[in-house]
Amino acid sequence: MSTLRTELQDAGAAASAGVLETRLTGLSREEFARTVWARTALLTHRASDFSDLFSADAVDELISRRGLRTPFLRVAKDGATLPESSFTASAGVGATISDQLDDTALSRAFADGATLVLQALQRTWAPVADFSARLSTELGHPVQANAYVTPPQNRGFDDHYDVHDVFVLQIEGTKHWRVHEPVHPDPLPDQPWTDRRSAVAEAAKDKASIDAVLAPGDVLYLPRGWLHAAQAQGDVSIHLTLGIHSWTRYALAEQLAHSALAALRDDPRMRRTLPLGVDGPAGEIDIVRERLVAAVTEADSAPLFHRTRRGHGRPAPLGPLAQLRAVDGLGPESPVRLREALEARLEGSRLTTRVGRLDFPETDLPSVTRLLDGETRTAGELGVALVGRLLRAGVLVPAEQ
């Protein structure tokens, strides 16, 4: 059963509260996890003012001045995605790449009723990137951000479901949403709605779980698999969709299976050729099954899981010039902190991060352990030589004075 909340944010919310509570749902992380996460849709009216994240001016700047290329934009009309060639072109001398956005073509398409979908804003628009990173850290799952810009009285996509959870943040204008419960709960990434097109179309005819108009500041949370379609009202509608690419038990099973198979490669018995003249492999399958079960039981999939997880995101931005200045001006009083979103793990004497691996002598391990809490430290506290090495490696960054 879906949930409706009407919540006006308290400007004096505790500084320790995360963005789930202060910007998106009004619920603490614990309450959201217990009552909503991956269970039900949630509509929160007047959740926050999102003008600091995105706007119509941001749309115009990204399309006309940033030199974006595909696939940073999709264009949809009447439920279909338009070919990239219809809205891209070369940008002229010095920028002759042929798939850059053509703002004139996009202006015409938008005036003709097409929806503009700015994709991966966590890579192209700093306020959205910072917000997405904070939400990803809070949830423990990767987050991507798209913006949907829809002309009045139009809708870009028919009823469908996503294979990831979403938070919909209404930025400007209004949009009418109809939400239905899943026809295929908790779909995996390779189980798109198009595989169940008929079931989706039939379910969309039923009474909606949520039938509401979202206004600026409203937030809609949808677990993966929940059906939805939306139509702009009398003005241009802009909303952000934060896609949560949830880790699943199936993903953990994949990591466990990969770890077990890797171990079996080192087992001489498993590399052995099957006998000649075998009428049926039943006996061999029993042997393999026994060894596979043992390998799964003994496998430690954590290192592979964390390596895969690191590959699904990027660390916080790093300014090369600022980093060089920090190294050149390094002294005992220089404040530093761990770079955000590194997915840093200390395993023995090795620090593994999204920017590589570093091995340390035993004497440095207490300092490395201290810096992993993310607090600001001085170079003198950690060791100037160690801090210099970590600044050059992109693990530490200068902290604000």
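Side-chain contact check for Trp247 versus Pro142: some heavy-atom pair is nearer than 4.5 Å. For the pair Val355 and Pro315, the minimum side-chain heavy-atom distance is below 4.5 Å. Using a 4.5 Å heavy-atom cutoff, the side chains of Phe167 and Thr25 are in contact. Counting heavy atoms from C-beta outward, Thr378 and Val336 have side chains that stay 4.5 Å or more apart. A heavy-atom distance below 4.5 Å is not found between the side chains of Leu42 and Leu220. Two residues are said to be in side-chain contact when any heavy atoms from C-beta on lie closer than 4.5 Å; Val59 and Ile63 meet this criterion. Side-chain contact between Leu390 and Phe360 is present, with heavy atoms from C-beta onward closer than 4.5 Å. Side-chain contact between Leu386 and Val368 is present, with at least one heavy-atom pair separated by less than 4.5 Å.
When atom types are taken as modelled, the side chain of Arg23 and the backbone of Asp49 share a donor-acceptor pair closer than 3.5 angstrom. At distances below 3.5 Å, not a single donor-acceptor pair connects side-chain atoms of Thr44 with backbone N or O atoms of Ala47. Using a distance-only test at 3.5 Å, with no hydrogens or angles considered, a donor-acceptor pair links the side chain of Arg39 to the main chain of Arg34. Of the possible polar contacts, none joining the Gln231 side chain to the Gln233 backbone as a donor-acceptor pair under 3.5 Å is found. With hydrogens and angles disregarded, no donor-acceptor distance shorter than 3.5 Å links the side chain of Arg339 to the backbone of Leu396. Using modelled atom types, no side-chain atom of Thr353 and backbone atom of Ala344 make a donor-acceptor pair closer than 3.5 Å. The closest donor-acceptor contact from the side chain of Lys77 to the backbone of Phe110 lies at 3.5 Å or more, if one exists at all. Checking side-chain atoms of Asp218 against main-chain N and O of Ala215 turns up a donor-acceptor pair under 3.5 Å. The closest donor-acceptor contact from the side chain of Thr88 to the backbone of Glu84 lies under 3.5 Å. In this structure a side-chain-to-backbone donor-acceptor pair under 3.5 Å is missing from Ser136 to Ser132.
For residues 381-396, the salt bridge (Lys or Arg N to Asp or Glu O under 4.0 Å) pairs, not counting sequence neighbours, are Arg377-Glu381. Listed by first and then second residue, the salt bridge (Lys or Arg N to Asp or Glu O under 4.0 Å) pairs involving residues 256-267 are Asp267-Arg269, Asp267-Arg291 (not counting sequence neighbours). Legend: salt bridge (Lys or Arg N to Asp or Glu O under 4.0 Å) pairs involving residues 118-139, not counting sequence neighbours: none detected.
Taking CG of Asp60 as the start and CG of Leu62 as the end, the distance is 9.5 Å to the nearest 0.5 Å. Separating the CG atom in Asp102 from the CZ atom in Phe87 is a distance of 10.0 Å, to the nearest 0.5 Å. Rounded to the nearest 0.5 angstrom, His239 NE2 and Asn146 CG are separated by 8.5 Å. Remark: Leu24 CG to Leu242 CG distance equals 7.0 Å, nearest 0.5 Å. Interatomic distance, Trp226 CH2 to Tyr161 OH, rounded to the nearest 0.5 Å: 15.0 Å. Interatomic distance, Leu264 CG to Ser259 OG, rounded to the nearest 0.5 Å: 11.0 Å.
Taking the six-membered ring where tryptophan is involved, the planes of Trp37 and Phe32 are tilted, since the angle between them lies from 30° to 60°.
Taking a 6.0 Å sphere around CZ of Arg65, one finds it holds 12 or fewer heavy atoms contributed by other residues, nucleotides or ligands. Atom CZ of Arg108 has 12 or fewer neighbouring heavy atoms from other residues, nucleotides or ligands inside a 6.0 Å radius. The local environment of CD in Gln153 is crowded, with over 12 non-hydrogen atoms from other residues, nucleotides or ligands closer than 6.0 Å.
Nearest heavy atoms, Asp159 versus Ala204: CG-CB, 3.5 Å. Heavy atoms only, all atoms of each residue included: Pro152 and Val236 are closest at CG-N, 3.8 Å. In this structure, Arg66 and Thr124 approach most closely via the heavy-atom pair NH1-O, 3.3 Å. Taking every heavy atom of both residues into account, Gln170 and Gly173 meet most closely at NE2-O, 3.3 Å. Summarising the geometry of Phe157 relative to Ala76, their closest heavy-atom pair is CZ-CB, 3.5 Å, with the distance given to 0.1 Å. The two residues Ala379 and Gly331 come nearest to each other via the heavy atoms CB-O, 3.3 Å.
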Are His228 and His160 close enough, and set up right, to give a ring pair (Phe, Tyr, Trp, His ring centres under 6.0 Å), and what steps lead you there? CA-CA 6 Å; His228 55 277; His160 66 284; 4.3 Å; yes
Decide yes or no on salt bridge (charged side-chain N to carboxylate O under 4.0 Å, His left out) for Arg178 and Asp211, but give the supporting numbers first. CA-CA 5 Å; Arg178 286 176 49 84; Asp211 189 335; 3.1 Å; yes
For Gln255 and Thr308: C-alpha separation, side-chain torsions, deciding distance, then whether side-chain contact (heavy atoms from CB on, under 4.5 Å) applies. CA-CA 9 Å; Gln255 304 303 319; Thr308 302; 3.3 Å; yes
Walk me through whether Val395 and Leu351 qualify under side-chain contact (heavy atoms from CB on, under 4.5 Å). CA-CA 10 Å; Val395 172; Leu351 181 68; 4.1 Å; yes
Walk me through whether Val163 and Leu188 qualify under side-chain contact (heavy atoms from CB on, under 4.5 Å). CA-CA 6 Å; Val163 294; Leu188 295 172; over 6 Å; no
After noting the C-alpha distance and the side-chain angles of Val179 and Leu227, does the key distance pass the side-chain contact (heavy atoms from CB on, under 4.5 Å) rule? CA-CA 6 Å; Val179 176; Leu227 313 184; over 6 Å; no
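Of the N and O atoms on the side chains of His141 and Asp165, not one donor lies less than 3.5 Å from an acceptor on the other residue. The closest side-chain donor-acceptor pair between Arg197 and Thr194, if any, does not fall under 3.5 angstrom.
Salt bridge absent: Arg325 and Asp328 never bring a charged side-chain N and a carboxylate O closer than 4.0 Å. Salt-bridge formation is not detected for the pair Arg29/Glu21: no Lys NZ or Arg NE/NH1/NH2 atom is positioned less than 4.0 Å from an Asp or Glu carboxylate oxygen. We find that Arg350 and Asp359 are joined by a salt bridge, their nearest charged nitrogen and carboxylate oxygen being less than 4.0 Å apart.
Checked against the 6.0 Å centroid criterion, the rings of His184 and Trp193 do not qualify as a close aromatic pair.
Screening Leu240, Ile244, Thr241 for a side chain to side chain contact (heavy atoms under 4.5 Å, CB included) involving Val166 leaves a single residue, Thr241. Screening Val117, Leu116, Thr115 for a side chain to side chain contact (heavy atoms under 4.5 Å, CB included) involving Arg74 leaves a single residue, Val117. Only one option out of His164, Gln122, His245, His312 pairs with Gln144 in a side chain to side chain donor-acceptor pair (under 3.5 Å); it is His245.
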